[in-house]
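Right, one structure below, let's go through it.
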Amino acid sequence: MEQESAVVGIDISKSFLDVFVSTQSSLQRYANDVPGRAKLACDLLALAPQLIVAEATGGLERLLIAELAAQNLPLVVVNPRQVRDFAKASGQLAKTDALDARILAAFGLAVRPAIRPLPEAQTFELADLLGRRRQLVDMLVAEKLRLQQATGKALRRDIKLHIQWLEKRLRASDAGLHDAIEKSPIWRAKDDLLAEVKGIGPVCRLTLLALLPELGQLNRKQIAALAGVAPFNRNSGQYRGTRRVWGGRAEVRKVLYMATLTAIRCHNEVVRNFYQRLKDQGKPSKVALVACMRKLLTILNAMLRDQAPFRPKIA
């Protein structure tokens with residue numbers, strides 16, 4: 001096998017980066033710090049691999065992504081569930097850092113996942129701010145539920161003070177998200193386009209910009225699958241099962257669900273008429289709703305792709 005066809009698997013942990021190169025059948029370990037990541041990038045540049053595969057690890061991968069993206073290396077970040085399913089299908093049930101690096105390289109050789117544009121540092125920052133806002137909302141809901149159950153005056157006073165503080169932090173978080181959008185001409189242009197579609201509120205727009213940066217860069221089938229609103233067949237022989245949506249990015253799907261409900265009930269004639277047409281054809285409400293989610297996402301994807309405003313007649 002030629003060196004140009006090398007596939008590299010990188011298992012990322014808090015302290016180490018375990019690296020397996022398919023053409024060398026060797027495992028190397030680098031420290032997950034600034035010098036270690038720099039040395040790994042230098043070694044990979046000398047190797048010139050065809051593909052580098054790493055897993056999403058809840059944020060630990062971000063510094064490595066930034067390092068390798070700066071060197072224009074062919075890195076793809078894959079879903080850990082897909083890699084684990086591949087390992088089980090290959091008969092590899094044990095799990096260690098070294099084995100994971102080997103499996104990642106084997107996954108890259110077998111599946112050849114497509115290389116997509118990697119999120120920029122600003123996108124990561126926006127996603128962090130959005131995640132913090134979601135945490136504040138969750139804490140606020142929990143405290144309001146506790147207030148309903150509290151009976152003592154001192155306890156109720158303490159909970160009310162905490163609710164006031166959380167509401168203040170939530171307003172500050174919203175202001176920070178708004179400032180982040182305003183500081184970026186690209187995000188501001190995208191936000192202005194998305195705001196033209198009735199039903200797409202500020203939270204939905206922020207979530208799409210932060211957690212679905214591929215919006216406008218993929219075709220309608222790919223973006224629907226990425227958001228988890230694409231139906232998958234369940235057929236075998238003469239059996240024809242019900243198609244179901246599965247996988248995708250859960251947070252994106254949640255805000256898209258609420259946006260679609262708003263569009264159907266109140267605002268967007270295109271989505272509302274499409275929903276009613278499906279219902280008239282005998283489709284169950286949930287099936288029609290998911291179809292409307294997919295249609296709404298397709299419209300948004302086309303708008304950002306073409307940098308064109310919302311046109312109800314074309315939609």
Side-chain angles (χ1 to χ4, degrees), residues 56 58-59 61-63 65-66 69-70 77 116-141 165-218 220 222-224 226-229 248-263 266-268 270-271 293 295-312 315:
E61 76 279 4
R62 292 184 179 181
L63 293 175
I65 288 175
V77 181
R116 295 173 180 156
L118 296 172
E120 301 175 354
Q122 286 182 320
T123 306
F124 282 136
E125 182 180 356
L126 185 63
D128 286 339
L129 290 172
L130 192 63
R132 182 54 182 166
R133 183 190 187 279
R134 189 163 54 249
Q135 292 170 357
L136 290 170
V137 170
D138 290 343
M139 287 188 286
L140 195 54
V141 171
W165 183 85
L166 287 171
E167 289 175 340
K168 181 179 178 181
R169 294 306 310 152
L170 184 59
R171 290 192 294 270
S173 177
D174 288 339
L177 285 165
H178 178 74
D179 290 343
I181 295 295
E182 288 297 317
K183 289 178 181 178
S184 172
I186 296 176
W187 281 348
R188 191 165 61 248
K190 290 182 177 181
D191 186 67
D192 290 342
L193 280 175
L194 296 177
E196 294 182 5
V197 182
K198 293 181 179 179
I200 304 298
V203 175
C204 183
R205 298 199 303 268
L206 287 168
T207 304
L208 292 174
L209 290 175
L211 304 184
L212 197 64
E214 297 89 350
L215 191 65
Q217 302 176 15
L218 304 177
R220 59 188 181 87
Q222 291 172 328
I223 201 68
L226 203 57
V229 293
R249 299 178 184 174
E251 291 300 327
V252 173
R253 192 164 56 253
K254 288 177 184 178
V255 298
L256 194 60
Y257 173 84
M258 296 306 300
T260 304
L261 278 180
T262 304
C266 306
H267 301 290
N268 197 311
V270 174
V271 179
M293 291 169 63
K295 182 175 182 64
L296 182 58
L297 182 64
T298 300
I299 292 171
L300 300 177
N301 187 62
M303 288 173 58
L304 294 190
R305 180 197 63 207
D306 302 334
Q307 291 296 297
F310 178 61
R311 299 188 180 98

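Since this is a predicted model, take the numbers as computed values, not measurements. Along the sequence shown, residues carry numbers from 1.
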How would you list, by chain and number, every residue that makes a side chain to side chain contact (heavy atoms under 4.5 Å, CB included) with [X], sequence neighbours excluded?
X      : answer
Arg253 : Val229, Ala250, Met293
Glu61  : Ile12, Ala56, Thr57, Ile65
Thr262 : His267
Arg220 : Thr298

Show me, pair by pair, the donor-acceptor contacts under 3.5 angstrom made by side chains of residues 185-205, not counting sequence neighbours?
residue, atom, partner, partner atom, Å
Arg188, NH1, Glu182, O, 2.3
Asp191, OD1, Arg205, NE, 2.8
Glu196, OE1, Phe310, N, 3.1
Arg205, NH1, Ile200, O, 3.3

For the side chain of [X] and the backbone of [Y], is there at least one donor-acceptor N/O pair under 3.5 Å apart?
X      : Y      : value
Asp306 : Ala308 : no
Ser173 : Arg169 : no
Asn301 : Leu215 : no

Ignoring hydrogens, what is the shortest heavy-atom contact between [X] and [Y]? Give both atom names and the distance.
X      : Y      : answer
Gly216 : Leu304 : CA-CB, 4.0 Å
Ala227 : Val252 : CB-CG1, 4.1 Å
Leu129 : Gly176 : CD1-O, 4.3 Å
Thr207 : Glu251 : CG2-O, 4.0 Å

How long is the gap from [atom1] on [X] to [atom2] on [Y], to the nearest 0.5 Å?
X      : Y      : atom1 : atom2 : answer
Thr260 : Asn268 : OG1   : CG    : 9.5 Å
Leu130 : Glu125 : CG    : CD    : 12.5 Å
Arg133 : Asp174 : CZ    : CG    : 4.5 Å

Using the test side chain to side chain donor-acceptor pair (under 3.5 Å), find all partners of [X] that sit at least two apart in sequence or belong to another chain.
X      : answer
Arg132 : Gln135
Asp138 : none
Arg171 : none

Check your understanding: Under a 4.5 Å cut-off applied to non-hydrogen side-chain atoms, are Lys295 and Val271 in contact?
Key ->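 Result no, sub-4.5 Å side-chain heavy-atom pair not found.
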Point to revise | Side chains of Ile223 and Leu212 in contact at under 4.5 Å (non-hydrogen atoms) | key: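 The answer is yes; the side chains approach within 4.5 Å.
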Practice item. Applying salt bridge (Lys or Arg N to Asp or Glu O under 4.0 Å), name anything that partners Lys168, two or more places apart in sequence or on another chain. Key: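 So Lys168 forms no salt bridge (Lys or Arg N to Asp or Glu O under 4.0 Å) with any residue.
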Exercise for review: Tell me, please, which residues at least two apart from Arg249 pass salt bridge (Lys or Arg N to Asp or Glu O under 4.0 Å).
Suggested key: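 Residues passing salt bridge (Lys or Arg N to Asp or Glu O under 4.0 Å) with Arg249: Glu214.
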Review point. Could Asp128 and Arg62 be called an ion pair, given the rule that one side-chain N must be under 4.0 Å from one carboxylate O?
Key: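 Salt bridge present between Asp128 and Arg62.
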